[in-house]
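Here the structure is laid out as structure tokens; the discussion comes afterwards.
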Amino acid sequence: MVHDEVLEKIDNEDLSVFAIWMPVLGSDNAEAAIDAESLLADPRARHYWDEGNSLGKLYGRSLKLPRGRQLAWDIYFVYEPGVRWDSEPPPPTQWMHQLGLDERHLDGDKLRESIEALLPTAKAAMTN
Amino acid sequence: MKHTVLRTLSAVMPWTMVFGLAHGQSDPVDLPATVRDLDSIWGEGSPSGVLGFDLFGDRLVTLDLPLQRLVVKDGQLPAPDGREVLSFAVVTRDDDLGERRVPTIEVQAAGRNLKVELSPLGFGTLTLPKDQADRFPLETEPGTIGQTRTPDGVFPILGASLEGSLVVGSHRFENPSVFFSEAFEHPSLGSGTLEPFVLTFDLAHQRVRVELPTGRANPLFAKASALRPQTGEGGDLRSEFNENLGKVRLMVLLSPT
């Protein structure tokens with residue numbers, strides 16, 4: 001969904017994409033993660049394998065996930081320009097997930113719109 | 001001072017410690033032992049044996065959970081202050097691991113006093129028997145998040161957020177996740193709560209110190225920061241994230257299958 005409804009429709013180099021593949025299901029492993037790169041094939045995307053689910057656990061603690069979940073996965077974070085990763089991974093400017101039906105459930109159009117709304121500030125941030 | 005550090009801590013069960021010791025890796029010692037088929041309980045690849053806390057007599061036993069380290073040394077904890085040093089009681093349980101003694105402490109959940117087992121590598125933050133779901137105010141309706149298998153069958157696990165705080169000594173957790181199941185026979189604090197702490201047990205005086213290590217980088221943060229691209233060129237995740245400071249960044253966390 002994200003590839004077709006978001007990345008394909010945003011033709012803008014001011015967007016960077018970080019895909020963190022993580023072992024959640026029994027069939028998940030590093031080899032499967034490499035295969036999965038094709039699901040988000042985009043020249044703006046970098047792909048990482050998080051063997052220990054470290055990032056998912058960190059965000060699982062800091063965000064209130066549906067149904068009391070502790071591990072953040074199948075989740076989509078948008079960061080506005082200027083947000084820096086210092087001592088901890090920063091809180092996202094906007095986020096959506098597919099962990100349960102609530103107001104943050106992934107909607108491809110809304111995710112794309114939230115990115116598009118921030119893109120003009122990217123140019124401003126880059127010239128500052 | 002006797003001081004022993006074991007770096008192979010692989011799991012901690014309430015009141016028992018489980019190690020994956022390879023044959024010939026440790027010095028032989030004379031110990032009374034019982035024999036159980038652990039593979040039948042935990043499946044193939046189970047640890048080779050279970051060491052009870054009683055093995056360590058009246059020494060201080062420290063479980064450094066962030067570093068996954070066990071330290072045993074002589075000493076004594078100060079008197080309980082209700083903040084960093086807490087009293088613990090020992091209760092006897094008889095379950096699929098056989099009879100075992102379990103440390104319990106008193107905490108507050110949404111203003112209610114609650115005796116909980118300490119299960120540092122156990123499931124969840126605060127787990128409760130299903131029939132206690134009505135005792136605590138919840139922010140959301142409990143929803144099924146998974147299931148657990150026991151010798152008595154497979155039981156669903158329900159999860160929700162507590163409306164209020166979980167207080168463990170001087171440590172407060174706002175709106176923590178709580179989990180309910182018929183499979184949970186007793187309230188328990190699991191890894192979701194205890195993972196960042198260093199727990200030191202004074203077995204002789206039934207005291208436990210619950211402290212957050214200071215001056216130490218969060219190991220999860222260090223691991224997350226150090227993620228490297230799985231293919232192609234590039235720096236670690238944090239560096240790459242910050243190098244794109246002027247851009248909008250989309251980060252997705254996904255299962256590859």
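On a predicted model such as this, the values are computed, not experimentally measured, just so you know.
Both the backbone and the side chain of E240(B) have a heavy atom closer than 4.5 Å to some heavy atom of chain A. If you measure heavy-atom distances from R228(B) to chain A, the contacts under 4.5 Å come from the backbone alone. For a residue to count as touching a neighbouring chain, one of its non-hydrogen atoms must lie under 4.5 Å from one of that chain's; by this rule D35(A) does not touch chain B. If you measure heavy-atom distances from S225(B) to chain A, the contacts under 4.5 Å come from both the backbone and the side chain. For a residue to count as touching a neighbouring chain, one of its non-hydrogen atoms must lie under 4.5 Å from one of that chain's; by this rule E13(A) touches chain B with the backbone only. Interface remark: F179(B) contributes side-chain atoms only to the contact with chain A (heavy atom separation under 4.5 Å). Both the backbone and the side chain of R84(A) come within less than 4.5 Å of a heavy atom in chain B. Only the side chain of P90(A) comes within less than 4.5 Å of a heavy atom of chain B; its backbone N, CA, C and O stay farther away.
Between H97(A) and L65(A), the closest side-chain pair of non-hydrogen atoms is not below 4.5 Å. No side-chain heavy atom of V168(B) sits less than 4.5 Å from a side-chain heavy atom of F197(B).
The most heavy-atom pairs under 4.5 Å with chain B, out of L40(A), T93(A), I75(A), L55(A), come from I75(A). Across L111(A), I34(A), V24(A), the residue that shares the most heavy-atom pairs under 4.5 angstrom with chain B is I34(A). Interface remark: of the candidates K64(A), E80(A), K57(A), M96(A), K64(A) forms the most heavy-atom pairs closer than 4.5 Å to chain B. Contact count against chain A (heavy-atom pairs under 4.5 Å) is highest for L253(B) among V252(B), T125(B), L162(B), L253(B). The most heavy-atom pairs under 4.5 Å with chain B, out of Y79(A), W85(A), Y76(A), W21(A), come from W85(A).
Contacts with chain B (heavy atom to heavy atom, under 4.5 Å) involve no residue of residues 100-107 of chain A.
Ionic pairing of R61(A) and E88(A) is not present here: no N-O contact between side-chain nitrogen and carboxylate oxygen is shorter than 4.0 angstrom. Look at R44(A) and D42(A) and you find a salt bridge, because one of the NZ, NE, NH1 or NH2 atoms lies within 4.0 Å of a carboxylate O, short of that distance.
If you take NE2 on H171(B) and CG on L86(B), they are separated by 8.0 Å, rounding to the nearest 0.5 Å.
Closest heavy-atom contact between L212(B) and P196(B): CD2-O, 3.7 Å. Nearest approach of V6(A) to G108(A), heavy atoms of both residues: CG2-O, 3.7 Å. The two residues L25(A) and S255(B) come nearest to each other via the heavy atoms CD1-OG, 3.6 Å. Scanning both residues, A30(A) and Q230(B), for their nearest heavy atoms gives O-OE1, 4.2 Å.
Within 6.0 Å of atom CG in D131(B), more than 12 heavy atoms from other residues, nucleotides or ligands are found, so the atom counts as buried in its surroundings. Sparse packing is recorded around CZ of R83(B), with 12 or fewer heavy atoms of other residues, nucleotides or ligands lying under 6.0 Å away.
Judged by distance alone, the side chains of S165(B) and Q108(B) never bring a donor and an acceptor atom under 3.5 Å apart.
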